[in-house]
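Worksheet: the structure to be examined is printed underneath.
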2 protein chains.
Amino acid sequence: MPAVKPDLETRLAEDHHQAIKLWLRLLTCTNLITGQIRTRLREHFQTTLPRFDLLAQLERHPEGLKMSELSKRMMVTTGNVTGITDQLEAEGLVRREPDPQDRRACTVKLTPRGRQVFARMAQEHEGWVIELFEGLSSSEKELMYTLLGKLKTHLNGKEARR
Amino acid sequence: MPAVKPDLETRLAEDHHQAIKLWLRLLTCTNLITGQIRTRLREHFQTTLPRFDLLAQLERHPEGLKMSELSKRMMVTTGNVTGITDQLEAEGLVRREPDPQDRRACTVKLTPRGRQVFARMAQEHEGWVIELFEGLSSSEKELMYTLLGKLKTHLNGKEARR
DNA sequence: GCTAAATATTTTAGGCTTAAAGCAAAAGCG
DNA sequence: CGCTTTTGCTTTAAGCCTAAAATATTTAGC
């Protein structure tokens with residue numbers, strides 16, 4: 001029996017299996033969490049995750065954001081942002097303001113009502129997230145945060161290199 | 001100045017922030033990875049992630065799966081599974097077989113062609129996942145897998161208790 | 001200044017996803 | 001047995017999402 005080759009092969013095969021297993025578990029956890037949050041947003045506030053996400057971005061940027069900036073931050077296409085913005089604007093939670101420098105662009109801002117509505121949702125939302133991550137201790141969360149940071153850096157590098 | 005209260009408050013506030021930050025990063029990583037895989041599946045095989053996922057489930061269960069089992073494993077509604085199965089069946093990759101015990105139910109199986117097509121895709125897919133997780137060492141992947149396992153257990157407990 | 005390329009957004013077509021309603025068959029129960 | 005409830009699947013309506021094409025405007029190069 002060859003002494004080296006089997007080990008190497010086994011190592012590789014395990015590595016493969018390892019990445020796949022990790023990926024499936026990562027996806028499962030994300031799905032479980034988004035599922036919970038989606039359900040609660042619907043039941044408590046009759047809204048959806050993407051709508052909430054858009055409002056959250058604007059809350060963090062009181063000066064407003066361009067559609068393209070929203071698209072980048074939300075990691076969805078600009079076409080998608082158009083649709084969600086249309087709805088939130090119709091509901092009176094955000095407003096498109098024309099850009100004086102560039103007539104193609106517009107800045108999206110929270111309306112006072114939007115800010116108010118979001119504040120109520122955000123508070124509950126934060127509680128949900130804390131609760132959903134209670135399975136991990138503070139140091140475990142910290143550790144996971146670090147590991148994901150490393151992964152994210154790698155993924156972004158890959159993205160950039162395309 | 002009170003000595004205890006501020007610390008407690010600070011600790012709490014940090015805990016909150018910590019869970020939220022972790023959640024956002026988890027979501028970002030998942031989105032980056034699914035985005036890559038979705039794009040590559042489309043470009044290389046003119047297919048989509050859910051179609052691939054359904055075939056993968058069947059590959060792991062050569063005896064076939066009920067629609068409801070597929071739904072559970074894929075973490076989507078049964079209505080959704082109906083639509084994806086319709087397409088794959090039309091493409092000749094899977095087949096619905098009537099259940100002799102229960103006339104409401106059916107068992108979905110890979111066709112020989114489906115198995116063949118999936119095998120080709122699965123090999124490349126595995127390479128992509130390995131590549132996307134190369135940012136982490138083997139022990140880091142192991143660690144993350146463990147942490148996610150703990151999180152998953154917590155989340156499933158929460159689910160069950162509803 | 002004119003034209004070409006780039007940019008910001010919207011529109012379109014098609015697929016995914018959900019929640020909820022519908023339908024048929026099976027299971028439980030009096 | 002007959003009735004109700006549950007189960008397995010499909011259908012429907014509405015929203016999310018993408019890729020690609022279209023539109024309008026700005027920027028760059030000549």
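So you know, we letter chains A, B, ... as the sequences are listed, proteins then strands, and number each from 1.
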Classify the angle between the aromatic ring planes of A/H44 and A/W128 as parallel (below 30°), tilted (30 to 60°) or perpendicular (above 60°).
perpendicular
So, is B/N80 close to the C/dT18 phosphate, meaning a side-chain N or O under 4.0 Å from OP1 or OP2?
yes
Answer yes or no: does a side-chain N or O of B/R103 lie under 4.0 Å from OP1 or OP2 of C/dA26?
yes
When you check the phosphate oxygens OP1 and OP2 of D/dC16, does a side-chain N or O of A/T48 lie under 4.0 Å from one of them?
yes
Counting just side-chain N and O atoms, does B/R51 come under 4.0 Å of either OP1 or OP2 of C/dC16?
yes
May I ask you to decide whether A/R40 forms a salt bridge with A/E124, counting only side-chain N to carboxylate O separations under 4.0 Å?
no
Strictly below 4.0 Å: does A/Q101 bring a side-chain N or O up to OP1 or OP2 of D/dT26?
no
Have a look at A/T82 and say if it touches a base, only the backbone sugar-phosphate, or nothing, with a 4.0 Å heavy-atom cut-off.
base
Please round to 10 degrees the angle between the axis of the first five pairs and the axis of the last five pairs in the helix from C/dG1-D/dC30 to C/dG30-D/dC1.
20°
Round to a whole Å and report the spacing from CD of A/E91 to P of D/dG15.
10 Å
Whole-Å distance, B/L41 CG to D/dT18 C1', equals 14 Å
Distance check needed: D/dA19 C1' versus B/L49 CG, whole Å only.
16 Å
Quick check on C/dT18: is either OP1 or OP2 less than 4.0 Å from any side-chain nitrogen or oxygen of B/T77?
yes
So what does B/M75 touch, heavy atoms closer than 4.0 Å: a base, only the sugar-phosphate, or nothing?
sugar-phosphate
Between D/dC17, D/dC9, C/dT9, which nucleotide gets closest to the side-chain atoms of A/M67?
C/dT9
Under the 3.5 angstrom rule, does the side chain of B/T111 hit a backbone N or O of B/L93 as a donor-acceptor pair?
yes
For C/dA27, does either OP1 or OP2 sit under 4.0 Å from a side-chain N or O belonging to B/R104?
no
